[in-house]
Amino acid sequence: MSTFKIEGGHRLKGKIQPQGAKNEALQILCAVLLTAEEIKIDNIPDIIDVNKLIALLKKLGVKINKLGKGSYTFKADDLNLAYLESPEFKEDGKGLRGSIMIVGPLLARFGKGYIPKPGGDKIGRRRLDTHFEGFINLGAKFRYNREELFYGVEADKLKGTYMLLDEASVTGTANIVMAAVMAEGTTTIYNAACEPYLQQLCKMLNRMGAKISGVGSNLLTIEGVEVLGGTEHRMLPDMIEIGSWIGLAAMTKSELTITNVSWDDLGVIPSVFRKIGITVERQGDDIHIPAHTDGYEVQNFIDGSILTISDAPWPGFTPDLLSIILTVLTQARGSAIVHQKMFESRLFFVDKLIDMGAKIILCDPHRATVIGHDFKSTLKATTMTSPDIRAGVSLLIAALSAKGTSIIHNIEQIDRGYENIDERLRAIGAKIERVEGN
Ligand SMILES: CC(=O)N[C@H]1[C@@H](OP(=O)(O)OP(=O)(O)OC[C@H]2O[C@@H](n3ccc(=O)[nH]c3=O)[C@H](O)[C@@H]2O)O[C@H](CO)[C@@H](O)[C@@H]1O
Ligand SMILES: C=C(OP(=O)(O)O)C(=O)O
């Protein structure tokens, strides 16, 4: 396990380019299984989760060619489906959350899809019911081996139908869409998730010959087609990374420009940061954050009551940025409540911020009240362990703003989703070192 050593309290300055979106990449990579033709994908982030999925696709027999940084071609014309029933797959499939999305495409094209209980962040219950109920609605037979935690679906031919999802699951919607594109007849999915990740997936599938309408809404209509062909696709910049850098700039009082952010795909993200007093300026397709030398002041609601920031399915605020918002609030002028509705174990990392001197009351597993210091007291450096990807980056931001040298262990959790983070942060002036293997 590696560690970051961070000397906090320095201002950063410069430009930072967000990587390609992790959660989009995981969907798009699974979609290459839907065709025997070649697919070219650009702006693939070089991060642990994505590399694990690429390795899994390779073992499954996908021909993969790396053309340059972030640019690959994939050709799934001769797959080794026996791998899906091997002990090796039972290990590989567990390695990340995104692997669950190979099931829909395999079911659509080969009539069977298997997956061990997938990994990902340990942030509370992460059920898969939406995925499998969707496949069952399309006519698949489902089985679950409780001992081995191994899921399977099989079908001779999937049949389109109407379905109302019991929750707008992101990976669930992607999986069902990929299963339905080659089903017989029309599938209608209501209460579909509609994050930019999914919009990008649907646009790519349509370029491959699929007939999906309603893209960007929670009502998708999919007319099944016989076969899909090749295409090219480019990943959007990672909106969670963009939000992380906005928070980093404010909390370290740094002037930063986040370049080529694809503003129109950021939804409410800029306005939520503005609500906690951060100046987020649009400059073309860049975000400019001026140095917040006088701090940042949390807005109350119109009636004067305390601000609550909570997550919601898109176009609501993504849960993946709440840990960062919470951390940045610890130095705001004013107070706010952070309400993490989706995951019940994602706020426990606040104990580490409290150790650093932050004023936070964890009201229950879902809600925390944060009373900002307004920089009258800086956080103190400490030694901590990164519990999950977003808590990890939040602690990294806290460490960069703190006085003294902090140590963060288990940084594989951060590398899972942030490409070359130490090198990129050093380029804007951060004092961060990677210490391998301790
Ligand atoms: C690989 C990937 O893409 N991971 C993302 C994906 O995970 P993932 O697709 O696994 O998450 P889901 O969208 O299925 O659900 C996340 C959690 O929220 C709950 N839930 C979901 C929908 C809803 O309407 N109400 C509700 O309460 C679910 O019960 C679950 O506990 O979406 C999550 C929610 O944006 C993000 O945190 C993850 O980063
Ligand atoms: C929770 C996340 O990832 P995963 O779903 O891969 O665990 C995340 O990206 O914040």
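Order of listing sets the numbers, starting from 1, for every ligand and every atom in it.
Using a cut-off of 4.0 Å between Lys/Arg side-chain N and Asp/Glu carboxylate O, E154 and R143 are scored as salt-bridged. Salt bridge K52/D415: absent, no basic N to carboxylate O contact under 4.0 Å. We find that R127 and D166 are joined by a salt bridge, their nearest charged nitrogen and carboxylate oxygen being less than 4.0 Å apart. Salt-bridge formation is detected for the pair D320/R346: a Lys NZ or Arg NE/NH1/NH2 atom is positioned less than 4.0 Å from an Asp or Glu carboxylate oxygen. Under a 4.0 Å N-O distance rule, the pair K341/D311 does not qualify as a salt bridge. Salt-bridge check for R390 with D388: failed, with every basic side-chain N at 4.0 Å or more from each acidic carboxylate O.
Heavy atoms of K341 found under 4.0 angstrom from ligand 1: none, in either backbone or side chain. Contacts of K122 with ligand 2, taken as heavy-atom pairs under 4.0 Å, are absent altogether. Proximity of S169 to ligand 1, defined as any heavy-atom pair under 4.0 Å, is shared by backbone and side chain alike. By the criterion of a heavy-atom distance under 4.0 Å, the side chain of R97, and not its backbone, is placed next to ligand 1.
Using a 4.0 Å cut-off to heavy atoms of D320, the atoms of ligand 2 that qualify are 8 (C), 9 (O), 10 (O). Close approach of ligand 2 to R416 (heavy-atom distance below 4.0 Å) involves ligand atoms 3 (O), 4 (P), 6 (O), 7 (O). Below 4.0 Å from some heavy atom of P313 lie the following atoms of ligand 1, by number and element: 23 (C), 24 (O). Listed by number with element, the atoms of ligand 2 under 4.0 angstrom from any heavy atom of I123 are 1 (C). Short contacts between ligand 2 and R390, defined as distances under 4.0 Å to a heavy atom of the residue, involve ligand atoms 8 (C), 9 (O), 10 (O). Near R125, with a cut-off below 4.0 Å to any heavy atom, the atoms of ligand 1 are 31 (O). Near R126, meaning under 4.0 Å from one of its heavy atoms, ligand 2 places the atoms 4 (P), 5 (O), 7 (O). When each atom of ligand 1 is checked for a heavy atom of T171 under 4.0 Å away, the hits are 1 (C), 2 (C), 3 (O), 8 (P), 9 (O), 10 (O). Taking a cut-off of under 4.0 Å to the non-hydrogen atoms of I389, the atoms of ligand 2 that pass are 8 (C), 10 (O).
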Check your understanding: Could you walk me through whether V225 and K211 pass the side chain to side chain contact (heavy atoms under 4.5 Å, CB included) check?
Key -> CA-CA 7 Å; V225 296; K211 292 191 176 156; 4.0 Å; yes
Exercise for review: Given side chain to side chain contact (heavy atoms under 4.5 Å, CB included), test L396 with L425 step by step and report yes or no.
Suggested key: CA-CA 11 Å; L396 177 56; L425 291 178; 4.0 Å; yes
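Considering backbone and side-chain N/O of N23, one or more are found under 3.5 Å from N/O of ligand 1. Between R97 and ligand 2, no N or O atom pair is found at a separation short of 3.5 Å. At least one N or O atom of D320 sits closer than 3.5 Å to an N or O atom of ligand 1. Residue T318 has no nitrogen or oxygen atom sitting less than 3.5 Å from a nitrogen or oxygen atom of ligand 1, judged on distance alone.
Between F142 and F132, the angle of the ring planes lies from 30° to 60°, which puts this pair in the tilted group.
D121 OD2, 3.6 Å is the protein heavy atom nearest to atom 2 (C) of ligand 2. For atom 6 (O) of ligand 2, the nearest protein heavy atom (residue, atom name, distance) is K22 NZ, 3.1 Å. Among protein heavy atoms, the minimum distance from atom 16 (C) of ligand 1 is reached at F343 CZ, 3.4 Å.
Residue M342 places no heavy atom under 4.0 Å from ligand 2. For the pair L26 and ligand 1, a heavy-atom separation below 4.0 Å is found.
At distances below 3.5 Å, not a single donor-acceptor pair connects side-chain atoms of D238 with backbone N or O atoms of Q19.
Contact check for F301 versus T308: side-chain heavy atoms found under the 4.5 Å cut-off. Looking at L96 and I48, their side chains never come closer than 4.5 Å, going by heavy atoms from C-beta outward.
Crowding of F150 atom CZ: a count of heavy atoms from other residues, nucleotides or ligands under 6.0 Å exceeding 12.
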